[in-house]
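Everything on this sheet refers to the single structure shown next.
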2 protein chains.
Amino acid sequence: MRRDSRLSGVLHILLHMAERDEPVTSEELSKMIDTNPVVVRRTMAGLRELGYVHSEKGHGGGWTLSCDLTKVTMKDIYSAVGSPSLLAIGNRTDAPKCLVEQAVNAVLQNAFDEAEEMLLNRLGDVTLAMLSADCHARIEARGGVKKAKGNVHG
Amino acid sequence: MRRDSRLSGVLHILLHMAERDEPVTSEELSKMIDTNPVVVRRTMAGLRELGYVHSEKGHGGGWTLSCDLTKVTMKDIYSAVGSPSLLAIGNRTDAPKCLVEQAVNAVLQNAFDEAEEMLLNRLGDVTLAMLSADCHARIEARGGVKKAKGNVHG
DNA sequence: CCTCATGCAACTTATGGTATTACAAGAAGC
DNA sequence: GCTTCTTGTAATACCATAAGTTGCATGAGG
């Protein structure tokens with residue numbers, strides 16, 4: 001089954017934006033995650049609605065962060081990209097009439113719900129600032145690349 | 001994203017089989033989960049390979065349970081249906097060169113792995129016998145239907 | 001007024017779960 | 001034997017949706 005990677009991609013983008021002072025265009029961002037500028041705009045639209053980022057048209061336009069990185073968590077970003085379903089398996093039906101299926105569903109749903117909740121809690125534990133710090137640590141460990149210059153995205 | 005419901009369907013089928021002494025045909029089983037007999041055979045093939053069920057051709061043929069319900073867990077059945085991926089979201093790429101993406105992936109993957117492990121553990125905690133007992137409890141509570149006669153599957 | 005950029009709708013593509021069709025083969029009954 | 005019931009399996013079609021693409025409108029600078 002195809003996995004939704006919007007959360008992964010958007011976080012990647014946001015962390016790069018955190019290293020830049022000027023607006024970054026969809027074109028630039030799209031290259032970072034090997035996709036199309038339209039896909040970037042579509043995805044970022046959700047973040048804009050929630051005030052996490054800001055977009056500007058025309059010359060010198062593009063995307064800028066507009067939130068406190070210490071306040072926004074990965075869970076917030078997950079919601080911003082539309083809260084895609086987390087689990088790839090599920091019950092065959094909701095509210096079945098068959099008592100046997102009801103029993104199966106009850107047990108399975110319980111497990112599913114717990115796993116989802118646990119995952120969401122994990123996402124809620126990590127702020128963008130923490131992620132950013134982690135990035136810097138990795139960059140230092142790798143020899144200290146300054147301000148996102150010289151990395152694989154050029 | 002479409003959710004894989006094989007586990008849910010197969011468990012439903014197995015519990016019905018547990019109430020029957022004679023072999024049950026794919027035709028009958030397929031009606032229980034509103035699908036096609038071929039789908040049943042295809043799915044049950046995995047269980048047969050692991051010895052959980054047995055199939056017989058010809059007159060009076062069909063499927064029978066061939067395992068100790070107190071020994072087989074939902075996790076075992078999950079494996080038997082091919083261990084379909086549990087999560088519907090994931091990282092955009094594995095082993096990215098970009099340090100930023102590495103940092104994002106590391107944190108996300110950690111959360112994903114934990115959620116998967118937790119879900120699998122839950123599935124491993126419940127045996128088919130426990131599920132069956134749960135069914136019987138529900139049937140009793142509902143007025144005592146004997147031997148799966150008179151339920152919604154006719 | 002030309003260029004650069006986002007905004008957005010419509011459409012196409014790719015993927016994978018599910019369903020269907022068709023046919024081979026084996027087992028029981030007549 | 002032959003017919004019927006059943007599984008076994010390959011090939012195919014169906015369908016939902018994540019992702020990619022195209023086209024055009026709109027607004028901001030220069």
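None of the values given here were measured: they were computed from a predicted structure. Below, chains carry the letters A, B, ... as their sequence lines are ordered, and counting in each starts from 1.
- Judged by distance alone, the side chains of B:Glu19 and B:His136 do bring a donor and an acceptor atom under 3.5 Å apart.
- Nearest nucleotide to the side chain of A:Thr25, out of D:dG8, C:dG7, C:dA5: C:dA5.
- Using a 4.0 Å cut-off on heavy atoms, the residues of residues 49-61 of chain B that approach DNA chain D are B:Ser55, B:Glu56, B:Lys57, B:Gly58, B:His59, listed by number.
- In this structure, the nucleotide among D:dT7, D:dG20, C:dG7 sitting nearest to the side chain of A:Val39 is D:dG20.
- If you check the side chains of A:Asp76 and A:Ser79, you find no donor sitting under 3.5 Å from an acceptor.
- At whole-Å resolution of the value, CD in B:Glu27 and P in D:dT7 are 9 Å apart.
- For A:Arg2, taking side-chain heavy atoms from C-beta onward, the closest of the listed nucleotides C:dT21, C:dA14, C:dG17 is C:dA14.
- Distance B:Glu28 CD to D:dT6 P: 8 Å, rounded to the nearest Å.
- Contact annotation: B:Ser26 side-chain N/O to D:dT7 OP1/OP2 distance is under 4.0 Å.
- Comparing D:dG20, C:dT6, D:dA11 against the side chain of B:Arg42 picks out D:dA11 as the nearest.
- B:Ile77 has its side chain out of reach of B:Leu123: every pair of non-hydrogen atoms, C-beta onward, lies at least 4.5 Å apart.
- For the residue pair B:Gln109 / B:Asn105, no side-chain donor-acceptor distance below 3.5 Å is found, with atom types taken as modelled.
- Rounded to whole Å, the distance from CG on A:Asn36 to P on C:dT6 is 12 Å.
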